[in-house]
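Here the structure is a predicted model, which is why all the values come from computation and not from measurement. Lettering follows sequence order; numbering is per chain, from 1.
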Protein chains: 2
Amino acid sequence: MAINDTKTAILDSAQDLIQRLGANAMSYDHISKSVGIRKASIHYHFPTKENLLESLLERYNENFLKIVDDLFSSSDPEDKKLLKYMGLFEATLQDGDHDKACLCGMLGAELFTLGPAAADRVRYFYNENEKRLTSLLDNGKKKGNFKFKGNSKKLAALIFSFLEGALLLVRAEGGVKKFQSVKEQMMDLVKS
Amino acid sequence: MAINDTKTAILDSAQDLIQRLGANAMSYDHISKSVGIRKASIHYHFPTKENLLESLLERYNENFLKIVDDLFSSSDPEDKKLLKYMGLFEATLQDGDHDKACLCGMLGAELFTLGPAAADRVRYFYNENEKRLTSLLDNGKKKGNFKFKGNSKKLAALIFSFLEGALLLVRAEGGVKKFQSVKEQMMDLVKS
DNA sequence: TAAAACTATTCTACTAATTGGTAGATAAGA
DNA sequence: TCTTATCTACCAATTAGTAGAATAGTTTTA
């Protein structure tokens, strides 16, 4: 297997485990079994667990923010963009064997058990998302695509908190269907 | 130490650890050191970890829902009640050594690593909170204390997801102050 | 009342499994 | 041949959980 294929397979497996069970329930042994490679080989590519988490977060953040940037720079009206943005979280839920939460949502719960570099990358993900949401709301409000009381920055933080929370909670009951229904409700709130 | 004092001290310590670090980062050894009692003695009171989690969730749910019921049955107007309800989550954040999330928010992230009985109690907490919020929103809307598009049940689920999410996320950055600001923003949303 | 019996609680000392991580041999590619 | 990648085989720490001895605290009984 080409080196990047192995590295990718390891990261994929780790991400899957964390999104479903959390970082503290994920182990090199689990990854080893799922990838079909020995534990020591994983240590060759990612010497420590903290190291693996950092690489994983770097990849995740880059991918996700790239998608958001593409989406937000399209010609859709702002309300449509928000709906699609929330759809990204919905897609996570349906990905693979289902019931995956956002990687950074899971790691947010376990934040104080992470090393400082990984924790910083989680914070970065939150900040970058809220930044992009803030300007989306701002633009949309100016053009009349949104109508809401309060200010865009606070609303952005509210929406992002809501999305991360909903992604975690609907796994307990309701699943994708419930996520869709609260998503629609959120659209109602920002248009009145 | 009287038996209930010991049991209470164990549950207190376990709750503190889970609210800060998560259930999978909490161990009998940690509790042992924090309570000042041997590990085997904890097993005497709570034979298995799953057992301990069940007892802890039973206590937590009962306490929290009792407070909510008292709050919601007061004579305050509904919008005031919602503000106070959100204040309960804010108080969690400031409790003890700070940075505690909701117990069931933390366990929601780790839901698929829990035993079925503990997982059921987490679901119960979610359902009971959403139930109470739904009727609060319903009543408040009828009396004109709230003004929002959409339906009360969906909005209740949205608000609850938001609160659980915010409680997790502000621990990364912003803390209590940020929680207060998104709380105020939420009040704005349900009154327009 | 005092001793004996019983029960409840905590202790020391262990086990087996799992954890992250390492050393060094072996194989595969360039 | 030299580098890259994977392997076997280990280590020390931590995990949940157990066995059984040692205390406390109560009750019962002589």
Separation of atom [atom1] in [X] from atom [atom2] in [N], rounded to whole Å:
X	N	atom1	atom2	result
A:F46	D:dT4	CZ	P	17 Å
A:E50	C:dT19	CD	P	19 Å
A:I37	D:dT4	CD1	P	17 Å
A:K49	C:dT19	NZ	P	9 Å
A:N51	C:dG21	CG	P	9 Å
A:R38	C:dG20	CZ	P	16 Å
B:L53	D:dG17	CG	P	10 Å
B:I42	D:dT15	CD1	C1'	13 Å

N-O pairing of [X] and [Y] below 4.0 Å:
X	Y	result
B:E184	A:K154	no
B:K131	B:E128	yes
A:K142	A:E78	no

query: Under 4.0 Å between a side-chain N/O of A:T6 and OP1 or OP2 of D:dA5, yes or no?
result: no

- prompt: Can a side chain N or O of B:H45 be found less than 4.0 Å away from OP1 or OP2 on C:dA8?
  reply: no

- request: Mark yes or no for whether B:Q15, through its side chain, and B:Y60, through its backbone, hold a donor-acceptor pair below 3.5 Å.
  value: no

Nearest to the [X] side chain among [options], which nucleotide is it?
X	options	result
B:A40	C:dG21, C:dT12, D:dT8	C:dT12
B:K39	D:dA5, D:dC7, D:dG17	D:dG17
A:Y44	D:dT6, C:dT22, C:dT10	D:dT6

- prompt: B:L65 versus B:R132: any side-chain heavy-atom pair under 4.5 Å?
  reply: yes

query: Which residues within residues 16-32 of chain B lie with some heavy atom under 4.0 Å of an atom in DNA chain C?
result: none

- prompt: When the ring planes of A:F125 and A:F160 are compared, do they come out parallel, tilted or perpendicular, using 30° and 60° as the limits?
  reply: tilted

- request: Mark yes or no: B:K141 above the aromatic ring of B:F148, with NZ or CZ under 6.0 Å from the six-membered ring centre and no more than 45 degrees from the axis.
  value: yes

